[in-house]
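Below: the structure, in structure tokens.
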Amino acid sequence: FQAEDGIRDRSPSRGLGDVYKRQIHGWEINRLAAALGAEVRGVQLAGADADIAKQVQDLLNEHQVLFFPDQTIDVDQHVAFGRHFGHLEGHPNLASNSELPPEIFELKASLGGIADEWHTDLTFQEQPALMSILHMVQCPEVGGDTMWAHLGRAYDDLSEPMKTLCDGLTALHDALPHNRPDRMTIHPVVRTHPDTGEKMLYVSEHFTRRIAEMNATESDMLLRYLTDWISQPRFTVRYNWQPNTIAIWDNRATQHFVLNDFNGERIIRRVTVQGDEVTGVGAPHWPTWTEQRRRTAASRHDRQLALYLR
């Protein structure tokens, strides 16, 4: 983007010196961290038209997660805004508030709604969530921040041998955290972003259960390494909430984590844009582990993978 005053600021390309301010279309955009994230002021999303939605999408491809403070928006306007980006889906496993539109998923901290493990939304589905749009209805004065990690930066900073290994692997994701381990699918460990072409490291501690081509102990070791790697501070942004902030994040490029460090209530309402097909770098380089080995007593460690593949 070209700033309105004609001065082009430094792009948030992958490198140093990403923190900047600029204005476009009368909006003030403040980069929040070197890795990802921007706060946007000067626009109200309630009643936004297709042009505003296109500008938001362009900014999202650039910053991966956007924050819009001081929004005045009701649930119907929230749903209408989300529909600019695609078909909306309710949560497939968790109950929400029946008094709200079915597209709105509500989480209350007092009812256990604190997502304090790193995750990308709904990756146990064949077509995981593409985008999430969250309205912070109520939050504590201190604590309850959310962190996001940039999966592309995490991939880029891997060594070349590790990139080559990950490019050829797939992983099993399931909904065990929602008590639905039967809901599962396999995705590439590295996915390609359909808009930007960037490679994203696509595993999480919450939903990723197993590297499909490795034995159980190898899988545990690699997943632990990769999930710890993604959560390194240099790949993240941390946002301190205020009520009536709207956050929009790209689930194809990020993971997030809520800090469970607060007292009192925290209420969020979210709409989720239905996902697209996850495309990897190429075909897996090896067969799945259960295809490589005959069954033994140790095969109990492979049960979930075998259930998916049969």
Report task. Find out if a path of hydrophobic residues (ILVMFWY) with successive side-chain heavy-atom gaps under 4.5 Å connects Leu226 to Met221. Result -> no

Query - Verify same cluster id: Val189, Leu165 (apolar side-chain graph, 4.5 Å) - result: yes

Which atom of [X] lies closest to which atom of [Y], heavy atoms considered:
X      : Y      : result
Val273 : Gly82  : CG2-O, 4.0 Å
Ser204 : Thr227 : C-CG2, 3.6 Å
Gly152 : Met200 : N-SD, 3.2 Å
Ile29  : Leu59  : CD1-CD2, 3.8 Å
Arg191 : Glu277 : NH2-O, 3.9 Å

[Y] side chain reached by [X] side chain, heavy atoms, under 4.5 Å:
X      : Y      : answer
His78  : Val271 : yes
Met147 : Trp118 : yes
Leu122 : Thr272 : yes
Ile73  : Arg269 : no
Leu259 : Thr146 : no
Pro188 : Val281 : no
His91  : Arg270 : yes
Leu130 : Gln274 : no

Taking the side chain from [X] and the backbone from [Y], do they hold a donor-acceptor pair closer than 3.5 Å?
X      : Y      : result
Thr120 : Arg252 : no
Glu205 : Leu223 : no
Gln304 : Pro181 : yes
His84  : Ala48  : yes
Gln64  : Gly37  : no

Requested in this report: Would you give the length of the straight line joining atom CD of Gln127 to atom CG of Asp276, rounded to the nearest 0.5 angstrom?
Outcome: 7.0 Å

**Report entry** Gap separating the CG atom of Asp121 from the CG atom of Leu134, nearest 0.5 angstrom
**Finding:** 9.5 Å

Query raised in the report: Less than 6.0 Å separating the ring centroids of Phe67 and Trp148?
Result: yes

Requested in this report: State whether Lys54 and Asp58 are salt-bridged, where the test is any N-O pair (Lys NZ or Arg NE/NH1/NH2 against Asp/Glu carboxylate O) under 4.0 Å.
Outcome: yes

Query - Carboxylate-amine/guanidinium contact Asp167 Lys199, below 4.0 Å - result: yes

Ring pair (Phe, Tyr, Trp, His ring centres under 6.0 Å) against [X], all qualifying residues, sequence neighbours excluded:
X      : answer
Phe81  : Phe85
His119 : His206, His256
His187 : His173, Tyr202

Report task. Go through Asp174 and Arg210 one step at a time and tell me if the salt bridge (charged side-chain N to carboxylate O under 4.0 Å, His left out) criterion holds. Result -> CA-CA 9 Å; Asp174 68 30; Arg210 172 71 183 268; over 6 Å; no

Query raised in the report: Mind checking who shares a hydrophobic cluster with Trp289, ILVMFWY linked at side-chain heavy-atom distances under 4.5 Å?
Result: none

Query raised in the report: When clusters are formed from ILVMFWY side-chain contacts under 4.5 Å, directly or step by step, what else is grouped with Ile186?
Result: Leu172, Met184, Leu305, Leu307, Tyr308, Leu309

Requested in this report: Go through Val40 and His63 one step at a time and tell me if the side-chain contact (heavy atoms from CB on, under 4.5 Å) criterion holds.
Outcome: CA-CA 11 Å; Val40 183; His63 300 285; over 6 Å; no

Side-chain donor-acceptor pairs of residues 233-240 under 3.5 Å, sequence neighbours excluded:
residue	atom	partner	partner atom	Å
Thr236	OG1	Pro233	O	2.8
Arg238	NE	Asp145	OD2	2.9
Arg238	NH2	Asp145	OD2	3.4
Tyr239	OH	Glu39	OE2	2.6
Asn240	ND2	Asp145	OD1	3.1

